[in-house]
Q: 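Mind having a look at this structure? Questions to follow.
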Amino acid sequence: MSIMKKQLILLSGGLLLTGGLLLSGAGALYGQYPSGDEVMDRMDRNMSSENRVMTSKMIIHGSRTSRTIESKTWAVGDQKSYSEYLSPPREAGTKMLKLEDALWIYSPSTDRTIQISGHMLRQSVMGSDLSYEDMMDDATYQDNYNAAVIGEESLRDSECWIVELNAKTSDVTYQIRKVWVDREKYIPIREELYAKSGKLLKKTELYDFKRNGNRWFPGRMVFKDMLKKGDGTEFIIESIEFDADIPDHIFTKASLR
Amino acid sequence: MIRFLFKGLLRDKQRSLLPVIVVAAGVSLTVLMVCYISGVLGDFADFSAKFSTGHVKIMTKAYAENINQVPTDLALTDVSVLLDEVRKEYPDMDWVLRTQFGGLLDVPDENGETRSQGPVMGISIDMLTPESKEPERLTLDRILVQGEIPDSPGEILISDDLANNLEVKPGDPVTLMGATMYGSMAFYNFIVSGTVRFGTVVMDKGAMIADISDIQAALDMYDASSEILGYLPDGYWDAGQAEIIKSGFNSKFSDPDDEFSPVMSMLTEQSDLAGYLEMVDAMSFIMVFVFVLAMSIVLWNTGLIGGLRRYGEVGIRLAIGEEKGHIYRSMILESILIGIVGSAFGTIIGLLFSYWIQEVGIDISGMTQGATMMMPASFHAKIVPQAYYIGFIPGLIASSVGTMLSGIGIYKRQTAVLFKELET
């Protein structure tokens with residue numbers, strides 16, 4: 001699973017699930033690059049969990065002002081998530097439910113539950129550098145990409161593998177992805193998303209990794225839509241609980257109202 | 001002499017009727033072409049001014065740079081102050097707030113959940129202030145298909161095709177989902193008061209018109225607006241006047257170092273319109289030039305044929321002692337008379353047709369199915385001063401030159417062989 005997808009799942013309530021990928025090969029041999037699948041699988045295993053409950057803060061640095069949006073998210077796997085926005089007042093009470101490939105938003109000011117589809121999926125989420133479409137992308141990297149390690153680089157004191165993911169079909173939005181994966185902890189440090197032309201479209205940097213049980217997890221992420229003005233969107237995880245007890249009724253449309 | 005020739009032309013239909021018909025036909029087509037192309041350009045400019053560009057438009061510098069995305073987050077703020085200032089500075093002009101926006105129009109079922117929805121582009125105008133000229137400017141009463149023009153806050157008009165696709169009728173509630181000028185999600189409930197047919201494929205596919213105050217509330221644009229549009233005093237586009245206003249405004253209000261300072265653009269400078277109008281203008285000039293040239297060749301040929309047809313007549317006139325120069329001059333004078341009469345008739349006919357197309361228009365909506373550019377559904381001709389004289393260029397000059405060339409042969413004829421020629 002790609003980093004961008006993981007981060008998007010974070011936003012929509014998910015964390016990092018792979019869809020049951022298995023380690024495909026032995027570890028890296030000295031002087032050789034490991035296979036792309038192996039690096040991606042180990043990274044996914046590190047960051048995956050059955051479910052999670054998280055409170056987070058999204059700081060959107062726009063061209064005019066910066067805004068902070070707080071939310072609480074409940075998620076199971078990468079298919080189900082439920083978010084409630086807590087502040088600021090204009091957003092407070094807005095709820096979002098994602099069930100597989102469908103997304104609903106409840107707006108308290110209009111008392112309406114609206115299904116998001118079509119071109120609206122390409123719109124920015126709350127003015128951030130992420131689109132609903134990005135959030136909805138729950139295919140595993142193996143569904144859409146071929147992975148290969150193309151090099152290594154030292155990045156923010158971490159020795160990283162650079163994994164390049166090339167789209168298998170032309171209808172995939174981001175035709176090329178590059179992921180910098182820490183060689184020791186198997187955590188993603190950076191991801192870049194490219195168009196077919198090679199133009200950089202989006203960039204994500206992950207910071208403040210903390211150990212949580214047997215996994216390392218980022219405390220802060222910075223998303224940047226390279227085609228948008230502004231200084232990007234910061235996503236700060238204030239608290240996260242893995243393998244929590246989440247009642248099923250949370251993931252129903254009835255819970256939106 | 002002229003009277004004599006004129007009588008001769010009238011009495012000899014072969015010498016006058018056909019050439020006059022040919023000249024008149026060519027001239028009328030030339031006049032029609034000039035009027036139609038002028039009308040098409042005018043229709044484009046007028047349509048664009050009314051719906052999106054105004055004669056001049058005030059935006060922030062950042063908005064102007066990204067105008068194709070209609071970014072409400074780059075809108076003008078404190079617009080009431082700016083509006084007061086421009087109204088004071090240019091009191092003869094009509095200044096209005098406009099905000100264009102995009103979003104999703106969602107129709108609820110009985111449980112308040114999505115029944116149908118579709119993408120929508122919107123224009124917000126001042127529909128509710130009694131003295132507002134905006135409903136008239138957008139000819140809302142003429143484009144209304146069902147229902148009524150909004151007269152209360154919270155009411156909107158949507159395109160009739162969109163209403164059919166969403167299965168919405170006047171009186172039904174809908175929700176607009178979009179983004180506020182600060183990037184947050186925006187939800188706002190409206191009542192569809194009526195449906196309209198814009199006559200442009202792009203807008204008929206999915207557009208709505210809302211009152212500016214509703215959109216300010218919906219998109220969190222308190223005292224903000226994406227654009228301030230200005231219309232010149234008599235309502236007609238005048239590039240010179242607009243240029244003076246633009247220069248004056250920008251030197252007084254605009255700060256090149258501040259991307260949110262207001263900047264004014266003229267109609268012809270906005271989006272793709274400038275390039276398009278220039279292209280159409282250049283194309284129309286080429287078309288008129290080629291057409292006038294073609295008509296000139298046709299009418300020249302008519303002059304030539306006329307000259308050759310009268311080979312025998314010229315021979316007799318030479319044989320009875322008329323001077324070659326006199327024959328040549330009289331033939332040229334005849335062709336000038338034919339040219340004047342034909343051009344006058346042709347111009348009148350061309351102007352009559354142009355007037356008809358000016359009033360009725362030609363419906364081109366069938367040809368613009370699927371067009372992605374906003375353009376009028378029908379084009380009209382426009383009678384311009386040029387139309388009164390342009391036809392005389394091919395009509396008068398070309399036919400006379402044709403006669404002059406064919407008449408050169410008169411000087412080559414020898415009196416000694418004339419009778420022999422006439423016997424055959």
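Computed over heavy atoms, backbone and side chain alike; hydrogens, waters and symmetry mates excluded.
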Q: Ignoring hydrogens and angles, state whether a donor on the side chain of S184(B) or R90(A) is under 3.5 Å from an acceptor on the partner side chain.
A: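 On atom types as modelled, these side chains do not qualify, holding no pair under 3.5 Å.
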
Q: Counting only non-hydrogen atoms closer than 4.5 Å, does D220(B) touch chain A with its backbone (N, CA, C, O), its side chain (CB onward), both, or neither?
A: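 Backbone plus side chain of D220(B), per the 4.5 Å heavy-atom cut-off to chain A.
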
Q: By the definition side chain to side chain contact (heavy atoms under 4.5 Å, CB included), identify the one residue from M185(B), M177(B), Q117(B) that meets it with I116(A).
A: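 Per the side chain to side chain contact (heavy atoms under 4.5 Å, CB included) rule, the option paired with I116(A) is M177(B), out of M185(B), M177(B), Q117(B).
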
Q: Evaluate whether atom NZ of K196(A) has more than 12 neighbouring non-hydrogen atoms of other residues, nucleotides or ligands under 6.0 angstrom away.
A: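 Atom NZ in K196(A) is not crowded, with 12 or fewer foreign heavy atoms closer than 6.0 Å.
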
Q: If you draw a 6.0 Å radius around CG in D245(A), do more than 12 non-hydrogen atoms from other residues or ligands fall strictly inside?
A: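 No, because the 6.0 Å sphere around CG of D245(A) holds 12 heavy atoms or fewer from other groups.
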
Q: Check whether more than 12 heavy atoms from other residues, nucleotides or ligands sit under 6.0 Å from atom NZ of K95(A), and answer yes or no.
A: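 Buried by this count: over 12 neighbours within 6.0 Å.
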
Q: Is it the side chain or the backbone of E91(A) that comes within 4.5 Å of chain B heavy atoms, both, or neither?
A: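 Interface part for E91(A): side chain.
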
Q: Just one of K253(A), R112(A), R257(A), Q115(A) clears the side chain to side chain donor-acceptor pair (under 3.5 Å) bar with E113(B), so which one?
A: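 By the side chain to side chain donor-acceptor pair (under 3.5 Å) criterion, E113(B) pairs with just one of K253(A), R112(A), R257(A), Q115(A): K253(A).
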
Q: If you draw a 6.0 Å radius around CG in D109(B), do more than 12 non-hydrogen atoms from other residues or ligands fall strictly inside?
A: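 Atom CG in D109(B) is crowded, with more than 12 foreign heavy atoms closer than 6.0 Å.
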
Q: Identify which part of S116(B) has an atom lying under 4.5 Å from any heavy atom of chain A, answering side chain, backbone, both or neither.
A: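 For S116(B), there is no contact with chain A at all, as no heavy atom is under 4.5 Å.
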
Q: Please flag which part of I114(A) lies under 4.5 Å from any non-hydrogen atom of chain B: side chain, backbone, both or neither.
A: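 The answer is both parts of I114(A).
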
Q: Just wondering, are more than 12 heavy atoms of other shown residues or ligands nearer than 6.0 Å to CD in E148(B)?
A: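 Open: at most 12 neighbouring heavy atoms sit under 6.0 Å from CD of E148(B).
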
Q: Shortest non-hydrogen contact from F187(B) to S109(A)?
A: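 Nearest heavy atoms, F187(B) then S109(A): O-OG, 4.0 Å.
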
Q: Quick check: does any side chain N or O of N189(B) sit under 3.5 Å from a backbone N or O of T110(A), one acting as donor and the other as acceptor?
A: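 Indeed, once roles are kept as given, a pair shorter than 3.5 Å links the two residues.
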
